[in-house]
Chemist: 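Have a look at the structure that comes next, please.
All values derive from a computational prediction rather than experimental measurement.
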Amino acid sequence: MTTKKGMDRASSDVGLIFTVYKLRRIFNLVRPEMLKEYLRAILCRILAISDLDLLQKTGQYF
């Protein structure tokens, strides 16, 4: 069941439903410690990239 009318608006609901479904499958397949470590690694990479991007924009380097 979608909360919006129209194909464009309903597609965001369907995308959310599929994302939640896939996340539940991942949680059932992977041990919580392993998932936490993986998410921590991804977050560190994202923060490192954003810090590098910020440094390049401001021109401040070490």
Side-chain angles (χ1 to χ4, degrees):
M1 183 173 148
T2 59
T3 59
K4 299 172 182 79
K5 293 183 180 180
M7 194 63 131
D8 293 336
R9 294 181 179 181
S11 67
S12 62
D13 283 350
V14 173
L16 179 63
I17 291 167
F18 279 116
T19 301
V20 170
Y21 170 74
K22 290 177 183 183
L23 282 173
R24 288 190 65 175
R25 288 191 64 198
I26 289 171
F27 291 148
N28 288 329
L29 293 173
V30 179
R31 293 186 318 251
E33 303 85 30
M34 188 180 201
L35 183 62
K36 284 180 187 178
E37 186 61 34
Y38 180 74
L39 292 175
R40 186 175 293 124
I42 290 175
L43 181 61
C44 287
R45 288 183 182 178
I46 290 171
L47 292 176
I49 291 170
S50 66
D51 286 345
L52 181 61
D53 187 42
L54 180 63
L55 289 175
Q56 288 176 347
K57 286 181 181 177
T58 60
Q60 298 174 354
Y61 295 98
F62 296 105

Chemist: Among residues at least two apart in sequence or on other chains, which ones pass side-chain contact (heavy atoms from CB on, under 4.5 Å) with L35?
Modeler: I26, F27, V30, L39
Chemist: Would you please name every residue forming a side chain to side chain donor-acceptor pair (under 3.5 Å) with R40, sequence neighbours left out?
Modeler: E37
Chemist: According to a 4.5 Å side-chain heavy-atom criterion applied to Ile, Leu, Val, Met, Phe, Trp and Tyr, with indirect links allowed, do Y38 and L43 form part of one hydrophobic cluster?
Modeler: no
Chemist: For I46, give me all partners under side-chain contact (heavy atoms from CB on, under 4.5 Å), at least two apart in sequence or on another chain.
Modeler: I42
Chemist: Rounded at 0.5 Å granularity, tell me how far OG1 in T19 sits from CZ in R24.
Modeler: 14.0 Å
Chemist: Distance check, rounded to the nearest 0.5 Å: I17 atom CD1 versus S12 atom OG?
Modeler: 9.5 Å
